Amino acid sequence: MPYITSMINRDETVRAAIRRLHGLRIMRQDPWECLISFICATFANIPRIKGMIQNLCQHFGSKITHGAIQVYGFPRKEVLADASIHELLDCNLGYRAKYIKKTSQSLVNSEFNLDTLRKTSYEEARELLLCLTGVGEKVADCVLLFSLEKLEAFPVDIWIRRILQTHYRGHFNIPNLEQRYMTPRLYKAFNDFGRQYFGRYAGYAQEYLYAEYRSS
DNA sequence: ACCCAGGAATTGT
DNA sequence: ACAATTCATGGG
């Protein structure tokens, strides 16, 4: 078994996922695109997230022509920082519009450069991401994992929570497990468990579990 | 019509 | 500190 999968091969649940999805990859996306995309992703389903991103590209991206085919690139941060809330609302962003404008402005004003975070530690990069409006723990962990090469990041969304509660119930003792929505306390409990249990490549374990057991 | 969504910020206790 | 409540809206 390859190195990474052998490192997360801790039990039969994840082993079954690895067997079926062997070869699964994690993206190394552009950090800016990744960040805005996951701010859009909060409290939305995947078809809608696709729509929001497509709207952003069509309204604010530059046109790219490949022969007869035309696509729109992802908007630059300066463009989104200068966009009006009204224009952003036209992209069906809802309450996310103000988060995207604020975060874009923060990054334009160069409080820090996202691309430098690849050379920053997991802990410090996470702290910095959490300073941005619209970025909580889950969004920060997704950006760390899918663009900043922090493979120990372990994002906990509603699906991962269900999967952990179903398949790893005996591994943690968390009060108020019946709560419908994620609380900071619950997030920390699931996130700590994932990183400690699966180790340095916990993010791969998260993705194997998500891809195998998310059902809908 | 009803319920949910790859949550985070804000407000109340 | 920590627990409710609010937030906009498309998709199933």
Side-chain angles (χ1 to χ4, degrees), chain A residues 17 21 24-29 31 33-59 83-107 126-148 150-167 174-195 198 202-216:
Chain A
L21 301 171
L24 173 149
R25 304 303 172 108
I26 288 180
M27 296 179 67
R28 188 187 289 108
Q29 194 179 10
E33 290 191 20
C34 187
L35 173 64
I36 296 302
S37 298
F38 275 103
I39 292 176
C40 289
T42 63
F43 212 54
N45 54 32
I46 290 174
R48 189 173 171 208
I49 298 163
K50 286 184 184 174
M52 287 189 276
I53 295 171
Q54 187 166 359
N55 289 339
L56 277 174
C57 292
Q58 288 183 181
H59 284 260
S84 70
I85 292 293
H86 181 75
E87 288 178 294
L88 291 168
L89 285 172
D90 284 343
C91 296
N92 293 332
L93 300 181
Y95 62 88
R96 305 161 191 84
K98 54 183 178 294
Y99 300 157
I100 287 176
K101 183 169 175 63
K102 275 193 180 183
T103 286
S104 301
Q105 289 175 323
S106 294
L107 294 176
R126 195 173 195 269
E127 285 296 308
L128 288 168
L129 288 171
L130 288 173
C131 296
L132 298 167
T133 307
V135 179
E137 297 192 276
K138 192 270 178 180
V139 171
D141 285 335
C142 286
V143 176
L144 291 167
L145 179 60
F146 298 122
S147 70
L148 296 178
K150 311 304 182 198
L151 301 182
E152 70 267 48
F154 193 86
V156 181
D157 62 18
I158 184 68
W159 298 103
I160 285 295
R161 175 185 170 179
R162 288 173 186 155
I163 291 165
L164 292 183
Q165 291 193 33
T166 301
H167 297 276
I174 302 170
N176 298 24
L177 264 182
E178 71 283 357
Q179 284 185 51
R180 182 174 171 195
Y181 293 112
M182 191 76 70
T183 64
R185 181 172 278 186
L186 278 175
Y187 192 97
K188 179 168 170 41
F190 288 122
N191 182 57
D192 285 348
F193 163 72
R195 286 181 299 119
F198 292 110
Y204 270 97
Q206 193 269 17
E207 286 305 298
Y208 272 106
L209 293 173
Y210 185 91
E212 173 66 11
Y213 298 105
R214 181 187 191 276
S215 53
S216 78

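Note that these values count all heavy atoms, side chains included, but never hydrogens, waters or copies made by symmetry. Keep in mind that what you see is a predicted model, and the values were worked out from it rather than measured. Numbered from 1 within each chain, the chains take letters A, B, ... in sequence-line order.
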Peer 1: For A:Y210 and B:dA5, what is the distance between atoms OH and P respectively, to the nearest whole Å?
Peer 2: 11 Å
Peer 1: In whole Å, measure the gap between the C1' atoms of B:dA1 and C:dT9 for me.
Peer 2: 16 Å
Peer 1: What nucleotide among B:dA9, B:dA5, C:dG11 has an atom nearest to a side-chain atom of A:P47?
Peer 2: C:dG11
Peer 1: Contact class for A:T133 vs. all strands (heavy atom < 4.0 Å): base, sugar-phosphate, or nothing?
Peer 2: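 If one applies the 4.0 Å heavy-atom cut-off, A:T133 turns out to touch the sugar-phosphate alone, with no base involved.
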Peer 1: Between A:K102 and A:D157, which is nearer to the 5' end of DNA chain B once each is assigned its nearest nucleotide?
Peer 2: A:D157
Peer 1: Check the side chains of A:D141 and A:Y187 for a donor-acceptor pair under 3.5 angstrom, ignoring hydrogens and angles.
Peer 2: yes
Peer 1: Mind checking the C1' distance from C:dT5 to B:dG6? Whole angstroms is fine.
Peer 2: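 Straight-line distance between the two C1' atoms is 22 Å.
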Peer 1: Would you indicate what A:V135 reaches in the nucleic acid, counting non-hydrogen atoms under 4.0 angstrom: base, sugar-phosphate, or nothing?
Peer 2: sugar-phosphate
Peer 1: Does A:K98 put a side-chain nitrogen or oxygen below 4.0 Å from OP1 or OP2 of C:dA8?
Peer 2: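 For C:dA8, OP1 or OP2 has a side-chain N or O of A:K98 closer than 4.0 Å.
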Peer 1: With a centroid cutoff of 5.5 Å and a plane-angle limit of 30°, would you call A:Y95 stacked on C:dA8?
Peer 2: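 Aromatic stack with C:dA8 absent for A:Y95.
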Peer 1: Relative to the 5' end of DNA chain B, which residue comes earlier, A:G134 or A:V156, by the nucleotide with the nearest heavy atom?
Peer 2: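 Comparing both residues, the 5'-ward one is A:V156.
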Peer 1: Is it the case that the ring center of A:F146 lies less than 6.0 angstrom away from the ring center of A:F38?
Peer 2: yes
Peer 1: Output yes when a side-chain donor or acceptor of A:K98 lies under 3.5 Å from a complementary backbone atom of A:I85, and no otherwise.
Peer 2: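 No, A:K98 side chain to A:I85 backbone: no donor-acceptor pair under 3.5 Å.
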Peer 1: When the distance from CZ of A:R48 to C1' of B:dG7 is rounded to whole Å, what number comes out?
Peer 2: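 Taking atom C1' of B:dG7 as the reference, CZ of A:R48 is at 13 Å.
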Peer 1: How close or far is atom C1' of C:dG10 from atom CG of A:N92, stated in whole angstroms?
Peer 2: 8 Å
Peer 1: Base, sugar-phosphate, or nothing for A:R161, non-hydrogen atoms under 4.0 angstrom?
Peer 2: nothing
Peer 1: Nearest to the side chain of A:R185 - B:dA5, C:dA3, C:dC7?
Peer 2: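 Given the options B:dA5, C:dA3, C:dC7, the side chain of A:R185 is closest to C:dA3.
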Peer 1: Using a 4.0 Å heavy-atom cut-off, does A:L130 contact any base of the nucleic acid, only the sugar-phosphate backbone, or nothing at all?
Peer 2: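 Nothing, no nucleic acid heavy atom in range.
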Peer 1: Nearest to the side chain of A:R96 - C:dG12, C:dA8, B:dG7?
Peer 2: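 Nearest to the side-chain atoms of A:R96, counting from C-beta on, is C:dA8.
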Peer 1: Rounding to an integer number of Å, can you tell me how far A:D141 CG sits from B:dA8 P?
Peer 2: 9 Å
Peer 1: How long is the line joining CG of A:N55 and C1' of C:dT9, in whole Å?
Peer 2: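 Atom CG in A:N55 sits about 12 Å away from atom C1' in C:dT9.
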Peer 1: Return the nearest nucleotide to the side chain of A:N45; candidates are B:dG7, B:dA5, C:dA8.
Peer 2: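 The answer is B:dA5, which lies nearest to the side chain.
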Peer 1: Of the candidate nucleotides B:dA8, B:dG6, C:dA8, which contains the atom at the shortest distance from the side chain of A:R214?
Peer 2: B:dG6
Peer 1: Could you check if a side-chain atom of A:E137 sits within less than 4.5 angstrom of a side-chain atom of A:N191, using non-hydrogen atoms only?
Peer 2: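 In short, these two side chains do not touch, never coming nearer than 4.5 Å.
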Peer 1: May I ask you to decide if the ring planes of A:Y95 and A:Y99 are parallel, tilted or perpendicular, using 30° and 60° as cut-offs?
Peer 2: perpendicular
Peer 1: Side chain of A:Y99, base of B:dG7: donor and acceptor closer than 3.5 Å?
Peer 2: no
Peer 1: To the nearest Å, how far apart are A:W159 CH2 and B:dC4 P?
Peer 2: 11 Å
Peer 1: Just how far is it from atom SG of A:C91 to atom CD of A:Q54, taken to the nearest 0.5 Å?
Peer 2: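 Separation between the atoms: 11.0 Å.
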Peer 1: Atom CD of A:Q54 and atom P of C:dT9: how far apart are they, to the nearest Å?
Peer 2: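 A:Q54 atom CD is separated from C:dT9 atom P by 19 Å.
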Peer 1: Starting at CE of A:M182 and ending at P of B:dA5, how long is that distance when rounded to a whole Å?
Peer 2: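 Computing the A:M182:CE to B:dA5:P distance gives 11 Å.
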Peer 1: What's the closest nucleotide to the side chain of A:I49 if the choices are B:dG7, C:dA8, B:dG6?
Peer 2: B:dG6
Peer 1: Could you give the distance separating B:dT11 and C:dA8 at their P atoms, to the nearest angstrom?
Peer 2: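 Their P atoms lie roughly 12 Å apart.
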